[in-house]
Chemist: 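What follows is a structure written as structure tokens; I'll ask about it next.
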Amino acid sequence: MNTLYFKYAVEVEKTHSITKAASNLYMAQPNLSKAIKELEDTLEINIFERTSKGVFPTAKGKEFLEYAKKILIQIEKMESLKISRNRICQSFSIAVPGSSYISLCISDFIAGLDFSQDININVERMNSVDIANSVADGKYNLGILHYPLEYENYFLDFLRDKNLGSEPVWTFEHLLIMSEKNPVAEDSDISSEKLAGLIEIIHDDMYVPYINGISQKNISPKRIVLHERDSQFELLCRIPDAFMWTSPVPDYMLKRFGLIHRRCTQLSSKCRDILIFQNGYRFSELDRKFADKLYSAKNSVAFAEYI
């Protein structure tokens, strides 16, 4: 059985399209279709069902794809053993949410690596459920879970089910972030009524199954939902009437875009970030260096005065 076909099948599941998957894999669409057919014939199951809305795995296909992903992860780890024993490779992997202090931590961590040695760093941004699943499956050694404190029992049960351990990082208050030119910028504690007249920027990466409305507070009828975070500060800067809920942002980032933090006591909630890993996982020296940078980045914003 050609394990390269496993990679093909995983890409088809990811894109829900043979055409898009072929493009991402830099191969011709007929060749990918042929490879998937050969894999299905070998397994004697239909991995995918072709529908008008795209290509989706069958029940048996989902079961196969879970095994395939784990096998691909193990193959990647075995291939890493090819590195000469006489060479040091700084290897580190983590799945993270889109928090500014975590971005600061990652930048400081990578900048402090020994660039005369080999480097294999893998950082991916995703939502909390995907982070936990990726760490449980072994795709990433570490993850940072971000969740509202009111849903802590849900997440702790989820971690137990996945056989994951954790270390606390930070419990913080959700703050508003907006332009210095925002009409309500002079208010230190903004009322929900005033927020209702503004434009709310919402991220989709706080999705949690079976819990509706976790990603937003449904304040304003004017909403911009972002499926990425690269444009968030630029939008806040260019649209003075916009605001967003966020963890505390480092001061230098606020100044760079002309942004400020404000509170809304009526609607603010507590959130928690925790570092997660498989139970029994032994932290490497590089893992510990990252953890130190993480707590340092947290401290740099945790004790700042925002109002």
Side-chain angles (χ1 to χ4, degrees), residues 1-73 75-76 95-98 124-140 143 145-147 151 154-155 158 161-162 199-218 220-232 235:
M1 189 179 298
N2 190 342
T3 55
L4 182 60
Y5 288 2
F6 293 3
K7 181 180 178 181
Y8 296 168
V10 169
E11 189 63 31
V12 172
E13 180 197 27
K14 180 180 176 182
T15 60
H16 303 302
S17 167
I18 296 289
T19 302
K20 289 181 182 178
S23 176
N24 292 347
L25 293 165
Y26 301 101
M27 62 189 298
Q29 185 267 333
N31 292 341
L32 178 57
S33 295
K34 181 180 179 183
I36 296 298
K37 182 65 168 62
E38 288 181 10
L39 184 58
E40 290 179 325
D41 289 344
T42 300
L43 295 170
E44 298 183 351
I45 64 169
N46 290 325
I47 301 174
F48 296 106
E49 179 183 7
R50 284 73 174 171
T51 73
S52 59
K53 295 183 179 180
V55 180
F56 296 89
T58 62
K60 282 289 184 182
K62 289 180 181 178
E63 187 177 354
F64 160 74
L65 286 163
E66 286 300 312
Y67 287 121
K69 291 173 188 175
K70 292 178 181 179
I71 290 170
L72 289 171
I73 290 169
I75 289 174
E76 183 178 346
V96 299
E124 185 172 352
R125 182 182 295 166
M126 56 182 74
N127 68 52
S128 291
V129 172
D130 288 342
I131 288 171
N133 285 329
S134 295
V135 175
D137 291 342
K139 184 178 179 181
Y140 294 95
L145 221 59
H146 172 90
Y147 56 83
Y151 297 115
Y154 172 91
F155 281 96
F158 189 61
D161 289 343
K162 295 291 181 178
I199 301 167
E200 184 177 8
I201 295 177
I202 300 167
H203 289 295
D204 73 334
D205 59 3
M206 280 295 290
Y207 166 74
V208 179
Y210 315 120
I211 298 178
N212 295 322
I214 192 172
S215 64
Q216 61 195 61
K217 302 177 190 298
N218 297 318
S220 173
K222 303 173 185 178
R223 298 173 193 155
I224 300 172
V225 180
L226 297 181
H227 300 273
E228 50 78 38
R229 286 183 175 260
D230 294 335
S231 61
Q232 59 179 7
L235 282 173

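All values below come from the heavy atoms of this structure, side chains included, with hydrogens, waters and symmetry mates left out.
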Chemist: Side-chain contact, heavy-atom cut-off 4.5 Å: I201 with L226?
Modeler: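 Yes, side chains in contact.
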
Chemist: Measuring from L32:CG to N24:CG, what's the distance to the nearest 0.5 Å?
Modeler: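 Reported value, rounded in 0.5 Å steps: 10.0 Å.
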
Chemist: How long is the straight-line distance from NZ of K139 back to CD1 of I131, given to the nearest 0.5 Å?
Modeler: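 Rounded to the nearest 0.5 Å, the CD1-NZ separation comes to 11.5 Å.
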
Chemist: Can you tell if the side chain of K69 reaches within under 4.5 Å of the side chain of E13, non-hydrogen atoms only?
Modeler: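 Heavy-atom side-chain distance check passes, below 4.5 Å.
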
Chemist: Can you tell me how far apart OG1 (T51) and NE2 (H16) are? Round to the nearest 0.5 Å.
Modeler: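 The distance works out to 9.5 Å.
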
Chemist: Drop me the distance from I224's CD1 to I202's CD1, to the nearest 0.5 angstrom.
Modeler: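 Separation between the atoms: 9.5 Å.
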
Chemist: Within this structure, what is the NZ-CG distance for the pair K60 and N46, rounded to the nearest 0.5 Å?
Modeler: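 It is 12.0 Å, given to the nearest 0.5 Å.
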
Chemist: Give a yes or no answer on whether the side chain of E40 reaches the backbone of F48 with a donor-acceptor pair at less than 3.5 Å.
Modeler: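 Here the side-chain-to-backbone pair exists.
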
Chemist: Can a donor-acceptor pair be found, under 3.5 Å and without considering hydrogens, that links the side chain of N127 to the backbone of V129?
Modeler: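 A pair under 3.5 Å: yes.
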
Chemist: Report the C-alpha distance between V135 and K162 in whole Å, list the side-chain angles of each, state the deciding distance to 0.1 Å, and finish with yes or no for side-chain contact (heavy atoms from CB on, under 4.5 Å).
Modeler: CA-CA 9 Å; V135 175; K162 295 291 181 178; over 6 Å; no

Chemist: Check for a donor-acceptor pair, side chain of T3 on one end and backbone N or O of F6 on the other, with a separation under 3.5 Å.
Modeler: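 Here the side-chain-to-backbone pair does not exist.
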
Chemist: For the CD1 atom of I36 and the CG atom of D41, what is their distance to the nearest 0.5 Å?
Modeler: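 Nearest 0.5 Å value for the CD1-CG distance: 11.5 Å.
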
Chemist: The test is side-chain contact (heavy atoms from CB on, under 4.5 Å); show your working for Y140 and M126 and say whether it passes.
Modeler: CA-CA 12 Å; Y140 294 95; M126 56 182 74; 4.0 Å; yes

Chemist: Closest approach of L39 and Y5, non-hydrogen atoms and distance?
Modeler: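 Between these two residues, the closest heavy atoms are CD2-O, 3.8 Å.
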
Chemist: Using the ring of each side chain (for Trp, its six-membered ring), is F155 parallel, tilted or perpendicular to Y147, with breaks at 30° and 60°?
Modeler: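 Correct class here is parallel.
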
Chemist: If only atom types and distance count, is the side chain of S128 paired as donor or acceptor with the main-chain N or O of L145 below 3.5 Å?
Modeler: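 Not a single qualifying donor-acceptor pair exists.
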
Chemist: Please find the pair of heavy atoms, one from I73 and one from G138, that lie closest to each other, and give the distance.
Modeler: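 I73 and G138 have their closest heavy atoms at CG2-O, 3.3 Å.
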
Chemist: How close do V55 and V12 get, heavy atom to heavy atom, and via which atoms?
Modeler: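 Residues V55 and V12, closest heavy atoms: CG1-CG1, 3.9 Å.
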
Chemist: May I have the step-by-step check of side-chain hydrogen bond (donor to acceptor under 3.5 Å, both in side chains) for S33 and Q29, ending in yes or no?
Modeler: CA-CA 6 Å; S33 295; Q29 185 267 333; 2.9 Å; yes

